[in-house]
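Along the sequence shown, residues are numbered consecutively beginning with 1.
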Amino acid sequence: MVTFLYRIGRWAFRRRRLVGGLWLGVLVLAIAAAGMAPEGKEEDLSMPGTESQKAFDLLDERFPQSNSQGAEARLVFRAPDGQRVTARENKAAVEDTLGSLDGGDQVASATDPYETGAVSEDGTIAYSTITYTADAVDLTESAKSALEDAASQARDAGLTVEIGGSALDSEEEPGGTTEIIGVAVAAVVLVLALGSLVAAGLSLLTAFVGVAIAFGLVSALAVPLGLTSTVAILALMLGLAVGIDYALFITSRFRDERAQGSEPEEAAGRAVGTAGSAVVFAGATVFIALVGLGVVGIPELTKMGMGGAGAVALAVLVALTLVPALFGFFGNGVSPARAKPRAWGRVLSRAVREAPSYRRSGSERPGSERPHPVPTAAGRPGLGTRWARFVLRRPVAVLMIAGLGLGAVALPALSLELGLPGDESKSVETTQRRAYDLLSEGFGPGFNGPLTVVVDTSESGDTRATTNLVVKTVRGVDGVASVGDPVLSRTKDTAVLTAVPRTAPNSGETKDLVHAIRGAVSGVEADTGAGILVTGTTAMNIDISEAMSDALIPYLTVVIGLAVLLLMVVFRSVLVPVKAALGFLLSVGAAFGVLVAVFQWGWAADLVGIEQTGPVMSLMPILVIGIVFGLAMDYEVFLLTRMREAYVHGASPGEAVVNGFRHSGRVVAGAAIIMISVFAGFIGMSSPTIQTMGVGLAAAVAFDAFVVRMAIAPAVLALLGHRAWWLPRILNRVLPNVDIEGEALSRQVPASATVPDAAVPRLPVGRD
């Protein structure tokens, strides 16, 4: 693979106009397709196979007319202090308000609260339900303006009015202030890491090209594939983060090769062959982990995984082709001109090139003599080198402090509760949240999360008697505030009734109530032969959260197994993959701890704009595991590739660790800061899903890059010594050799192309 990518890099450099033109054409087509495509619709979460989903499917079949409605709004009215909403002047204001909407643009109906009984017991709060002929995303601005004008009219009459429901919902649009700040931070880090405005601009440009194409394709496919705005934002988030990182890794290697004397074309080929191999592997791990989200069985999660995986795949292709092509346009601006090797450098370079290739076999005993040691750089050591030497001198202390620290941060994860956010999680500055609070005050906290009980009497002898028995049974369950009158289908074989809990939708008591109702009606099913299902948005959220909890351990097991297998192939070691997997668990556990502390306990909630604590978004644990798995392997591969490259060329285990940090430490740190900045930039969005995703991913990357890979990994390698790179003979024969460190290039590229690392004088390891 290394040789193949090497040739791609040189071809892209030579054919830079062709490559640049092709990518420009793809970009224009993607943008044009997105512009001509109809706007996608926001879909509710579904979980095939659950009781709540089966009930929704039955309702679609037996009550088709009730499921063909569009958006819905609730106008919630509150009388001034000391008055009732039923007073003559207040009632007249409410009726005038609703009259202004009757027959309006896209309005199907508006209920009269005084006729439907939608007035609180104390008479201070009432609500009207307005239904529309179009979905929320298809509502015209005039229809939304009419709704807001009606609310303003009632406010002018002295009433407090808020608007709930889906009518005012809108798709999340990227490009806010926090995202711009995140990209700005990434740009600054790129300049510092690469030391060149041109090199930094090149990395940003290529990342933006990949993201724009991915975003355009997701937008174009939104309607045919049912992709939501969350899918598009996830693709944007991941594509931008990995796109910048991958371009940074290849650009950094290109600069190294140029600094060692390679011609621009040769440097481009070697950069793509070596760093590009790591990019392919890292991108493949992210891709596989995201595509694997489909096994959970939630369509929305599958779409998110596929959208993110597509963005990552595009980032890899851009890094392997467009980046070296731009080297051809801006080669001297990206890197310094070819440095002339000193006399001793040419001599040592020739000696190493003429020496037989050496590779440590899995059967070699630890501590054996090693030819061709790889020395470290002359001059004052950098921060990465000094840190590596510090860890090598104190591996036990570093390992204990880092491990115990991550364990302490992960402790809140033991209290992890999963749920799906609703209007209660929105800011109190929004009218939807204020409407939610008014309804809770007037009609009880459970009013915002009613349960729907569907009774299928097609196999029952007496529909009316069976339905009445179900109503009596549900009313007798502790925690049910009220049960509405049943509604029969046209064929009289299905009844629907609404049960209002006494507790809020996301509370643990409501979750227990759903299970209690299902347990209570099971006896009715046995006695009557009817099918009784409990559903509704609240029940669906509970079922999805429980399914997520059940799938968490199996998915984590698959991901960990995949990580161990892939890293065993890459590094031809048993203990390095095990170390990487355990480190991944630590970083993910710490990220879950942060999510619980922020979103459940409210720690530092003000900093991220969270005004209402509650369960963690149920999709987040598996989504974070899938994404962070791939990103963690990014840093593991880029850091340890240089270590293994030095080790197989003769360096001792300690020298190999120092060599890895000397070459890749600063780049990996910069890449991590960039990714953290990009993820953190999405925390400012109003969507709870995106907020949770931004906090979880930013925390996970920070822990994994700076604690696990920068501290725990070198400490463990220092303690293991030669054993870290041990591989049993049978595995050495069976496993494919992917040669990610670029050993094949030393035999297949021109010998005069570069001055290898071995040409640099050695400094003793362990002393500053």
Side-chain angles (χ1 to χ4, degrees), residues 23 26-27 30-31 34 172-191 193-194 199-219 227 229-251 279 282-283 286-287 290 304-320 322-323 326 623-624 626-628 630-631 634-635 667-668 670-685 687 689-691 693-698 700-702 705:
W23 278 113
V26 173
L27 176 62
I31 294 175
E172 285 287 345
E173 295 292 340
T177 303
T178 53
E179 295 100 293
I180 295 174
I181 293 175
V183 174
V185 171
V188 172
V189 174
L190 279 172
V191 173
L194 296 173
L202 183 148
S203 298
L204 285 173
L205 174 63
T206 54
F208 286 150
V209 168
V211 165
I213 294 173
F215 196 79
L217 291 177
V218 170
S219 301
L227 305 181
S229 61
T230 304
V231 177
I233 292 175
L234 178 62
L236 173 63
M237 183 188 300
L238 281 178
L240 189 59
V242 301
I244 295 176
D245 276 8
Y246 293 165
L248 169 62
F249 288 128
I250 292 179
T251 303
V279 165
V286 183
F287 185 90
L290 290 173
M304 292 173 69
M306 295 298 294
V312 171
L314 272 171
V316 172
L317 291 175
V318 168
L320 297 179
L322 184 58
V323 170
L326 292 181
L623 193 60
V624 168
I627 295 174
V628 173
L631 301 183
D634 277 8
Y635 304 127
V667 177
V668 168
I673 295 174
I674 289 170
M675 197 167 287
I676 293 168
S677 302
V678 172
F679 289 151
F682 288 84
I683 296 176
M685 300 188 74
S687 167
T689 303
I690 303 301
Q691 267 191 330
M693 197 183 306
V695 172
L697 293 178
V701 170

Please report the closest heavy-atom contact between [X] and [Y], naming both atoms and the distance.
X    : Y    : value
Y246 : A282 : OH-C, 3.8 Å
V312 : G283 : CG1-O, 3.7 Å
V318 : G210 : CG2-CA, 4.1 Å
A672 : A705 : CB-CB, 3.4 Å
G239 : A315 : O-CB, 4.5 Å
F287 : A309 : CD1-O, 3.3 Å

When rounded to the nearest 0.5 angstrom, what is the spacing between [atom1] in [X] and [atom2] in [Y]?
X    : Y    : atom1 : atom2 : value
M675 : D245 : CE    : CG    : 3.5 Å
I31  : I213 : CD1   : CD1   : 8.5 Å
L240 : F215 : CG    : CZ    : 12.0 Å
I244 : T251 : CD1   : OG1   : 11.5 Å
F679 : L238 : CZ    : CG    : 5.0 Å
L248 : L204 : CG    : CG    : 10.0 Å

Kindly indicate, with the supporting measurements, whether the criterion side-chain contact (heavy atoms from CB on, under 4.5 Å) is fulfilled by L314 and L217. CA-CA 11 Å; L314 272 171; L217 291 177; 4.3 Å; yes
With sequence neighbours excluded, residues passing side-chain contact (heavy atoms from CB on, under 4.5 Å) with L320: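 Result, side-chain contact (heavy atoms from CB on, under 4.5 Å) vs L320: L5, I250, V272, V280, V316.
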Trace of the side-chain contact (heavy atoms from CB on, under 4.5 Å) decision for L290 with M304: CA-CA 8 Å; L290 290 173; M304 292 173 69; over 6 Å; no
